[in-house]
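Every chain is numbered from 1 and lettered A, B, ... according to where its sequence line falls, protein lines coming before strand lines. Atoms considered below: every heavy atom in the structure, side chains included; atoms not considered: hydrogens, waters and symmetry mates.
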Amino acid sequence: VTGEKKKKKIKSIKVDVDKCNGCRACETACSAFHSTPKYSSNNPARSRIRVIHEPLKDIYVPVFAGEYTPSECAGRDKYVIDGKEYDECAFCRASCPSRDLFKEPDSGLPIKCDMCEAVPPLEEPMCVKWCLADALIFEEREEELEEEDKREEMEIGLEALAKEHGLEKIIDAVARMSEKS
Amino acid sequence: MRYAETGYNLEIDLSRGNIERVESDPGLTELYLGGLGTNAKIIWDRVPPEVEPFSPDNLLIFSAGLLCGTPALGCNRTIVSTISPQTDLMAFSMMGGFWAPELKFAGYDKVILQGKSPNLVYLWIKDDKVEIRDASHLKGKGATETSELIRQELNEPKAQVASIGIAGENRVYFASIEQGRSSASRLGIGAVMGDKGVKAIAVRGTKDINIAQPAKFMELCEEVMEYIKFRNDNPIPGVMPILQGLGSPQEMAIHDEKWHTENFMWGNSRVRRKDFWNEEVSKKWMETMDKMRMRLISCYNCPMKCGATISPPGHPTYMMKCFSKLTYTMAAMSDLDFGLKIAQRATEYGVDGFSTPQVMAFALELYENGILTDDDMKGMPSDNEGKFYWLLDRIVQREGIGDVLANGTYWAAKKIGKGAEEYAHNNIKKHEQLPLKLSMLNPVYFLMYCTGEKINITQIEGQFPQAPYPEREHREAFVKDWFQVPDEKFKQYFLDWEPRGENSNPYYPTVQMSCDIVDWQEKMHYIDDALGMCAGLSSFPLKPPYHIHNYPKFIATGAGIEMDEDKLTQAAKRYRTLVRAINIRRGMRRKDEKPPENHWKKRFPELEKKLLDEYYKFKGWNNDGIPTQESLHELDLDYVSEDFQQRGILTNNDAPRANETSAAREKNEGGGSEL
């Protein structure tokens, strides 16, 4: 099967932890931008980027919020870089039950970086603009994606499920699901 | 809704263990702005002059500035106000860092401490939950250590903690309040905290700070950001490296210490070493710095990197900024390696990096001259650096001679007697000054030294170049983009200022010009201290991003208070005068307003008298430095003149009567109403 090739914009923030000066301007700018109306209030606890810092260990890691995850990791990892031992969740971007990071302080609802989507679009996300230390660098690139890739992925998944549960069961389940919808 | 400020203060009575959340009066914000301004009002209202620094009735106020917690870059200062044990006058030391914005996010503008706790406690403020907690397990712990322990036991890594070390606990008159990379050091406010039995205040906040006109305010912030970038790319030519850029002097970043080491005095502010800085020293010090400095760091929402994480081999890591880099080194006539190591211990003990080295050098001078004897110094090691460590330990523990020295050079000299007073030679209003001894009187600096009520030259100077440029064309280039001046006349003052000849120190800038210049310099510091802005982005450096022309807009769009340059100038003058009124009520007079006698070799008594006479008039003070009834009235401070009259500080002969009509008052204005 040949799928149509599609172009997709990938936006990312390159984080240079060596350049971070720990000022948390990124948090300030983010929370101001995402308040309603825009810039009407300021509160780092609502920011979608946080600087995880342990000054006496010389650890500064700006982390911007990723996906919500409903459960904690089963196992954790620890990184030691340049002799500095980082907290086991230091590089993780998830809004997760194991920590209070990336949740609205009043409602507890998860928050996620949206790269400051706006109309008209900003040249770069607010945190990047406000980081004069250049610890945050905005990068944008185009990637070509083929539609069939996705189908293949699904097929691999289905095959795995069929192996485990039998094809019959899968067909039944799909039928039930389509009835419901 | 309140904008920029939260509208609430925390009132904590430590004697009774009572905590209240009290709404503040928005009318007072309009008159006194916030930070230092409203602190001064509270101290005037609630701390009468009979109250001694270590009385339970003394207040210790931790205040965020009006704009702290907004996106205004560099606005992060905590203004701590109390009565100083060292000077017996109002102290308003400040610290940068992260504490003030966190307090705002917790929902408070100020924490007002009164009374005394019977046991050592710490305060834990988390949004609406405020606790007084036992701190007996933290007794004797270092300031940084304490902050770490509190964060751990609360399991609150994001809490910001201001704490004292053992020096504060033992009421050392120059004890500081430490907060990671920042400290409120001057005038012994850490001793007052220790006296109140408070080891630390930890705070964590998750609430919003509101902005009155969001889009406009953000635009102003981004203008400031752009100008900071411009200034970082365009250092000012013709001045020493530490004064070329923004921020506090970039001591952590810059290796070239020729200027400080050759122009500032070593030892007990005694020895000038004119050829000290050579290639060998430069290389050695650079190695030391590169070996120990882990990273340049900033305060909340500020792109400047004025601090550094320092990790001396074999010593715990700590954070440092600015000139404490050199104060220990120079007092001990030692090198940078020693200076950075002893500063670690001093930071944990929580002592002021300006006064402490001088007190120790003073003690050793007394010893060398037989005024302090072997009896006093029993157990002191024989090596020079060992002596400093030994003295530091005795002072913070208040052991033996340390108990006397812990009160600072002024009080220690009085106690020791035997001519020791002559060695306490670098004080203003009983407070140790930067170790500078110069040749020719500088009229602008003379006035700043005399009348500065922060009693620290760096907290009043700035904006106007410290020295003239030799070439007129360089001066012309300097004034070209100098838009920060409040008035065009300042450009002319600078253009005509020559290093030699008729238009040079001490008679130029003229008396009138000196009044103008000092008033501008001081005004900007007072505005910063009310807004919580770091002097490093405003009042201290040349050509700063914040100035009298954009500040009113920041206040108007941020706090929603109608503001223009005149109104802001008037507000700053109001609480500046109130600070003076508090000190006048505590006995400060003209006789106290003088630089150290040996600050300049060439003195001009007649000129100095004229400078002070005219400056007092200019400020609306009588010839003894007391604000006149007339000027108090203009500043809506009639309650001050009533108090002055009741106490006999002002009599009806000094000033027009209270019930005089405004027409009559106007008539008086021309001639002035001074004594």
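Between the side chain of K103(A) and the backbone N or O of C96(A), at least one donor-acceptor pair lies under 3.5 Å. The backbone N or O of E145(B) lies less than 3.5 Å from a partner atom in the side chain of E348(B), making a donor-acceptor pair. Without hydrogens or angle criteria, E140(A) side chain to K9(A) main chain gives no donor-acceptor distance under 3.5 Å.
Interface remark: F98(B) contributes side-chain atoms only to the contact with chain A (heavy atom separation under 4.5 Å). Heavy atoms of A45(A) lying under 4.5 Å from chain B belong exclusively to its side chain. Looking at F105(B), only its side chain comes within 4.5 Å of chain A, counting heavy atoms on both sides. Only the side chain of L73(B) has a heavy atom closer than 4.5 Å to any heavy atom of chain A. Contacts between S311(B) and chain A at a heavy-atom distance below 4.5 Å are absent for every atom of the residue. Contact of M225(B) with chain A is made through backbone and side chain together, with heavy-atom distances under 4.5 Å. With a 4.5 Å cut-off on non-hydrogen atoms, I297(B) touches chain A through its backbone and its side chain both. Heavy-atom distances place no part of R151(B) under 4.5 Å from chain A, backbone and side chain included. For T309(B), the part sitting under 4.5 Å from any heavy atom of chain A is the side chain, from C-beta outward, and nothing else.
Of all the listed residues (S31(A), A32(A), P55(A)), the one sharing the greatest number of non-hydrogen pairs under 4.5 Å with chain B is P55(A). Counting heavy-atom pairs under 4.5 Å between each of I228(B), N301(B), I211(B) and chain A puts N301(B) at the top. Among S35(A), C20(A), A133(A), the residue making the largest number of heavy-atom pairs under 4.5 Å with chain B is C20(A). Between chain A and the options Y318(B), Y3(B), Y300(B), heavy-atom pairs under 4.5 Å are most frequent for Y300(B). Residue with the most contacts toward chain A among M294(B), M218(B), E102(B), R295(B): R295(B) (heavy-atom pairs, distance under 4.5 Å). Options A25(A), S40(A), C26(A), P105(A) differ in how many heavy-atom pairs under 4.5 Å they form with chain B, and the most are formed by S40(A).
T6(B) and K207(B) form no side-chain donor-acceptor contact under 3.5 Å, judged by distance and modelled atom types alone. Judged purely by distance below 3.5 Å, without hydrogens or angles, the side chains of T70(B) and N42(A) never pair a donor atom with an acceptor atom. Side-chain atoms of S41(A) and N210(B) include no donor-acceptor pair closer than 3.5 Å. For S147(B) and S163(B), the side-chain atoms include at least one donor-acceptor pair closer than 3.5 Å. Using a 3.5 Å distance cut-off with no hydrogens or angles, the side chains of W130(A) and E222(B) do pair a donor with an acceptor.
For an aromatic pair to be called close, the ring centres must be under 6.0 Å apart, and F91(A) with Y79(A) satisfies this.
Listed by first then second residue, pairs satisfying salt bridge (charged side-chain N to carboxylate O under 4.0 Å, His left out) with a partner in residues 17-43 of chain A read D16(A)-K19(A), R24(A)-E27(A), E27(A)-R50(A), not counting sequence neighbours.
In summary, K104(B) and E5(B) do not engage in a salt bridge, as defined by a charged side-chain N under 4.0 Å from a carboxylate O.
Using a 4.5 Å heavy-atom cut-off against chain B, no residue of residues 63-75 of chain A qualifies as contacting.
Closest non-hydrogen pair, E251(B) versus C322(B), comes out as CB-O, 3.2 Å.
Between Y60(A) and H53(A), the ring planes are parallel. Angles under 30° get that label, and only those over 60° would be called perpendicular.
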